2 protein chains.
Amino acid sequence: MTTIRDIARAAGVSVSTASLAVNGDPRVRPATRAKIEAVAASLDYHPSHVARSLSQGRTWSIQLLNPIEKTMSSGFFTRFVAGLHDGANLHATGVTLAAPSNAEGARTTLERMIRERRADGVVFMNVQPDDPLLDVALNHAYPHVLVGSAVRPDVVTVDSDNHLVALDVTRALLARGSRSILFLNGPEALGFTTARANGFLEAHAELGVEPHPDAVAYTDGTAAEGQRALAERLDAGVPIDAVIAISDFVAVAAMQILRKRGLAIPEDVRVYGINDDDVGRYSVPMLSTVDLRAYELGRTAADLLMNQVEENDTHPARRIVGHRLIERESSA
Amino acid sequence: MTTIRDIARAAGVSVSTASLAVNGDPRVRPATRAKIEAVAASLDYHPSHVARSLSQGRTWSIQLLNPIEKTMSSGFFTRFVAGLHDGANLHATGVTLAAPSNAEGARTTLERMIRERRADGVVFMNVQPDDPLLDVALNHAYPHVLVGSAVRPDVVTVDSDNHLVALDVTRALLARGSRSILFLNGPEALGFTTARANGFLEAHAELGVEPHPDAVAYTDGTAAEGQRALAERLDAGVPIDAVIAISDFVAVAAMQILRKRGLAIPEDVRVYGINDDDVGRYSVPMLSTVDLRAYELGRTAADLLMNQVEENDTHPARRIVGHRLIERESSA
DNA sequence: TTGTACGCGTTATCAT
DNA sequence: ATGATAACGCGTACAA
């Protein structure tokens with residue numbers, strides 16, 4: 001294994017000169033630089049990543065902390081990761097994954113990461129707005145980005161405009177004539193769900209439409225619970241001529257229930273999902289949905305994080321990434 | 001930030017003793033050990049990860065190299081990652097992700113990783129059996145695991161028994177009475193697809209059934225191409241009373257086409273997917289599929305890799321993870 | 001422009 | 001049982 005000392009020796013210069021040349025420092029004479037580079041190439045020299053990390057106090061890697069393994073299977077998550085990955089790579093830093101199975105595991109993982117300096121920063125995903133994890137990062141002045149919205153204003157976040165997302169979808173449905181819309185929402189604790197609920201209600205208020213008192217169903221976000229909430233209301237005789245679901249999976253699962261009850265989509269019930277997962281692209285009928293630009297969210301998270309790491313820019317930022325309605329068959 | 005020197009000083013011992021105590025070496029007297037541990041705790045000492053890496057020549061992290069970003073969105077991938085993650089964590093090592101967008105990027109990523117010693121090993125995913133990437137790892141005697149099958153016998157692999165998977169599914173369909181089965185296969189270059197094709201054919205041979213000459217369709221594995229291949233044969237009048245798809249997404253996409261042509265599932269056409277993705281759990285009808293035990297595959301990959309890293313056990317291993325048919329509505 | 005010397009934090013070797 | 005010291009490989013003041 002060839003070190004920078006080997007290069008220096010072989011090129012007949014000192015280690016520091018070799019180091020300068022290798023790192024493209026301008027104050028080394030072109031001739032010696034060429035000599036050194038030639039030697040480095042011929043000896044297949046590549047600087048050790050850890051050694052560099054130690055001396056610079058930087059690991060060149062960030063960590064994605066996602067306590068809820070379940071949600072990994074969505075296309076949203078993977079597109080987000082792709083964006084994060086690409087964004088980090090622009091700064092020559094890698095992405096490492098942590099998927100602790102419970103809250104305690106998440107905490108110890110984060111604390112170890114910070115104190116052992118395993119990563120330069122952390123991206124929180126599927127974490128509640130007031131999660132103690134955020135305080136841990138804040139207390140250590142550790143670079144971080146939360147995907148979603150936070151209670152404390154000093155947390156750096158990137159998010160969709162969830163109020164507007166729900167507003168847009170609900171408006172679209174109301175404009176088509178739907179008057180009994182069921183909103184299969186996610187867990188209330190996650191924060192962005194209440195923003196969506198508000199958007200849902202505001203759209204109704206705009207038109208003076210009174211939503212059914214049971215129109216917003218908070219569930220755990222799984223398809224099974226979404227199905228249960230829908231079936232429950234159907235059984236209770238709650239009028240439903242449209243469904244907005246927290247995710248495309250829940251939407252498709254809801255369509256399954258509707259179909260079994262002999263309800264036609266979109267004729268009897270219009271359906272809208274959120275996320276633009278592949279699942280809605282191949283459902284029958286094809287699912288209308290909202291593209292949350294997951295890749296863009298990931299890229300933005302990387303930008304915000306790398307900025308803290310490199311510029312030491314610690315003042316809180318909150319960035320919003322735009323969304324886009326995708327009208328397909330299920331809401332015609 | 002507190003280093004081991006601080007501990008040593010505060011405890012009134014030498015650095016080496018402090019190090020031994022912290023690492024639980026038995027040859028330090030209980031009394032001094034207690035003293036040192038108390039000091040370490042009170043100073044909130046945690047050893048630096050990079051420093052340890054430098055001194056030990058080990059990064060305590062492995063890399064997952066997945067050149068094909070597209071395939072990340074499947075539940076298969078995410079369950080695999082979860083298994084890999086958990087398996088690696090048992091050895092206190094993390095998982096970092098690399099998703100280069102093309103073959104060249106993959107090669108440079110791998111070469112840098114090896115030469116800069118960024119990771120202790122690599123897991124190859126969605127890589128062809130004869131991919132030059134494998135030679136790179138082999139030439140550097142770099143710990144590695146390929147998910148799938150390889151041409152060179154010295155590549156360490158973990159895989160499903162793809163021959164048997166196809167055999168099992170085809171047998172099940174033939175047993176139900178299907179006689180004109182279309183196999184919407186993946187890209188031929190990926191290797192495991194031909195194993196599956198063979199299993200498909202063998203099941204036919206067992207019963208003396210002659211498959212249609214166009215019964216095996218090699219596609220790029222996307223839903224769109226699967227749909228195209230199916231529609232093409234339907235248009236050409238190829239008889240089809242069952243479809244086996246390379247993935248659940250392709251299966252669901254195929255059902256979409258069949259439905260549009262007025263074909264009932266499973267009455268007119270039985271459908272089988274592979275992977276056990278969520279998408280098939282909420283389709284109408286619910287999709288029969290094969291559980292490839294993705295989590296288990298990930299765990300096994302981690303085991304094989306960590307074994308090479310820690311035991312320096314380099315002799316080639318090939319491990320097979322069992323699968324399981326899941327009968328749902330689409331193949332009744 | 002180049003070289004010397006030291007720090008980064010840890011573990012390992014070799015004395016004592 | 002404990003301590004001094006040398007690696008590990010790199011970057012970088014500081015000096016020349």
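Chain letters run A, B, ... following the sequence lines, proteins first and then strands; every chain starts at 1. Note that the structure is a prediction, hence the values are computed from the model and not measured.
The OG1 atom of Thr59(B) sits 12.5 Å away from atom CD of Glu116(B), with the distance rounded to the nearest 0.5 Å. Between His85(B) atom NE2 and Thr93(B) atom OG1 the span is 9.5 Å, to the nearest 0.5 Å.
Applying the 4.0 Å criterion to OP1 and OP2 of dT11(C), one finds that Ser19(B) has a side-chain N or O inside that range. Proximity of Thr17(B) to the phosphate of dG3(D): a side-chain N or O atom is located under 4.0 Å from OP1 or OP2. For Arg29(B), a side-chain nitrogen or oxygen approaches OP1 or OP2 of dT2(D) to under 4.0 Å. The side chain of Thr3(A) places no N or O atom within less than 4.0 Å of a non-bridging phosphate oxygen (OP1 or OP2) of dC8(D). For Thr32(B), no side-chain nitrogen or oxygen approaches OP1 or OP2 of dA1(D) to under 4.0 Å. A close approach under 4.0 Å does not occur between any side-chain nitrogen or oxygen of Ser48(A) and OP1 or OP2 of dG9(D).
In terms of position on DNA chain D, the residue among Arg52(A) and Arg33(B) whose nearest nucleotide sits closer to the 5' end is Arg33(B). Of the residues near DNA chain C, Met1(B) and Val28(A), the one whose nearest nucleotide (by heavy atom distance) lies more toward the 5' end is Val28(A).
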Run the side chain to side chain contact (heavy atoms under 4.5 Å, CB included) check on Ile62(B) and Thr96(B) step by step: do they pass? CA-CA 6 Å; Ile62(B) 59 175; Thr96(B) 113; over 6 Å; no
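Arg58(A) places its CZ atom 23 Å from the P atom of dG9(D), with the value rounded to the nearest Å. Taking atom CD1 of Ile7(B) as the reference point, atom C1' of dG9(C) lies 12 Å away to the nearest angstrom. Between the CD1 atom of Ile4(A) and the P atom of dC8(D) there is a distance of 15 Å, given to the nearest Å. Distance, Arg5(B) CZ to dA6(D) C1': 12 Å, rounded to whole Å. For the pair Asp25(B) CG and dA1(D) P, the computed distance is 10 Å after rounding to whole Å. Counting to the nearest Å, the C1' atom of dT2(C) and the CG atom of Leu20(A) are 9 Å from each other. In this structure, Arg118(A) atom CZ and dG9(C) atom C1' are separated by 15 Å, rounded to whole Å. Here the C1' atom of nucleotide dG9(D) and the CZ atom of Arg9(A) are 13 Å apart, to the nearest Å.
The side chain of Gln56(A) has dG11(D) as its nearest neighbour among dT10(C), dG11(D), dG3(C). For Ala51(A), whose side chain is taken as the heavy atoms from C-beta onward, the closest listed nucleotide among dG9(D), dT10(C), dG11(D) is dG9(D). For Ser55(B), the listed nucleotide lying nearest its side chain is dT10(C); candidates were dG3(C), dT10(C), dG3(D). The listed nucleotides are dC10(D), dG9(C), dT2(C); the one nearest the side chain of Tyr45(A) is dC10(D).
Between Arg115(B) and Asp44(A) there is a salt bridge, since at least one side-chain N of the basic residue sits less than 4.0 Å from a carboxylate O of the acidic one. The existence of a salt bridge linking Arg58(A) and Glu310(A) is confirmed by a sub-4.0 Å separation between a basic side-chain nitrogen and an acidic carboxylate oxygen. Using a 4.0 Å cut-off between charged nitrogen and carboxylate oxygen, Asp135(A) and Arg152(A) count as a salt-bridge pair.
Within the 4.0 angstrom heavy-atom criterion, only backbone atoms of the sugar-phosphate kind lie near Val13(B); the bases stay farther away.
Scanning atom types as modelled, one donor and one acceptor separated by under 3.5 angstrom connect the side chain of Ser16(B) and the base of dA4(D).
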